[in-house]
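One structure below.
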Amino acid sequence: MKAMRGYEPRSTSSCAACKLLKRRCIPNCIFAPYFRSDECKKFAKVHKVFGASNVSKILIEVPEEHREDTVNSLAYEAEARLKDPVYGCIGAIALLQKKMVELQHDLAIAKDRLALYAAATTATTTPSNDFFNNHVSLPPLPDFYTCSDFNDSFSNSSPSQSLIRHNETTVDDFIQIPYIF
């Protein structure tokens with residue numbers, strides 16, 4: 001048997017797949033290099049979503065040097081499907097993209113305020129508070145459609161969730177950033 005990356009010759013114990021399927025693990029088991037005997041939960045999730053037969057067919061078709069990445073992808077997709085059966089990992093991607101748009105908008109506001117401050121300090125040595133109370137004019141965030149059923153596990157305590165969308169294009173403070181929900 002070829003030496004595989006991250007694979008050590010196993011002892012007499014069965015791999016996680018054979019343990020879960022309650023069968024005898026053969027020496028050339030397709031699952032053994034990728035589902036060690038202590039990774040029963042990992043294989044259980046993959047088996048529940050894809051089925052052991054489909055996983056073995058996938059692993060047989062994939063070149064040996066890409067099998068470890070394939071198993072990791074299957075495990076990630078299975079985990080995401082179990083958390084969100086409708087959208088799976090696509091829901092997580094959409095959530096992260098939405099968060100990225102929100103953070104880019106926050107960054108644009110911060111850069112605009114920094115430019116206002118820099119302009120105020122070059123114009124006068126003591127900037128007045130009225131200068132900073134002026135509205136910062138920014139375009140609204142673009143419409144971004146995400147799945148509303150997705151459980152936001154990446155930012156459970158996000159302050160942006162409690163913000164209300166404003167129809168104005170001017171922003172007075174970071175608290176009044178127009179977010180799209």
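- Without hydrogens or angle criteria, Arg23 side chain to Cys18 main chain gives no donor-acceptor distance under 3.5 Å.
- No chain of hydrophobic side-chain contacts below 4.5 Å, direct or via other Ile, Leu, Val, Met, Phe, Trp or Tyr residues, connects Tyr87 to Met100.
- With Asn72 contributing its side chain and Glu68 its backbone, the two residues share a donor-acceptor pair below 3.5 Å.
- Side-chain atoms of Glu77 do not come within 3.5 Å of backbone N or O of Leu74 as any donor-acceptor pair.
- Phe31 and Ile60 fall within a single hydrophobic cluster, where Ile, Leu, Val, Met, Phe, Trp and Tyr are joined by side-chain heavy atoms under 4.5 Å apart, directly or via other members.
- Between the SG atom in Cys89 and the CG atom in Leu95 there is a gap of 13.0 Å [rounded to 0.5 Å].
- In terms of modelled atom types and a separation under 3.5 Å, the side chain of Arg81 and the main chain of Val86 share a donor-acceptor contact.
- You'll find the side chain of Ile30 reaches within 4.5 Å of the side chain of Ser56, heavy atoms only.
- Here CZ of Arg36 is found 12.0 Å from SG of Cys15. Values are rounded to the nearest 0.5 Å.
- Looking at Leu107 and Lys111, their side chains come closer than 4.5 Å, going by heavy atoms from C-beta outward.
- Put simply, OG on Ser14 and CZ on Phe35 are 15.0 Å apart, with the number rounded to the nearest 0.5 Å.
- With values rounded to the nearest 0.5 angstrom, Asn54 atom CG is found 11.0 Å from Leu59 atom CG.
- Between the side chain of Arg67 and the main chain of Val62, a donor-acceptor pair closer than 3.5 Å is present.
- Taking 4.5 Å as the limit, some side-chain heavy atom of Leu21 sits within range of a side-chain heavy atom of His47.
- Asp84 places no side-chain N or O within 3.5 Å of a backbone atom of Ala80 that could act as its donor or acceptor partner.
- Looking at Glu102 and Lys98, a side-chain N of the basic residue comes within less than 4.0 Å of a carboxylate O on the acidic one, giving a salt bridge.
- Between Lys42 and Tyr34, the shortest heavy-atom contact is NZ-O, 3.5 Å.
- Here Glu39 contributes atom CD and Lys19 contributes atom NZ; the two are 11.0 Å apart, rounded to the nearest 0.5 Å.
- For the pair Leu103 and Asp106, the minimum side-chain heavy-atom distance is below 4.5 Å.
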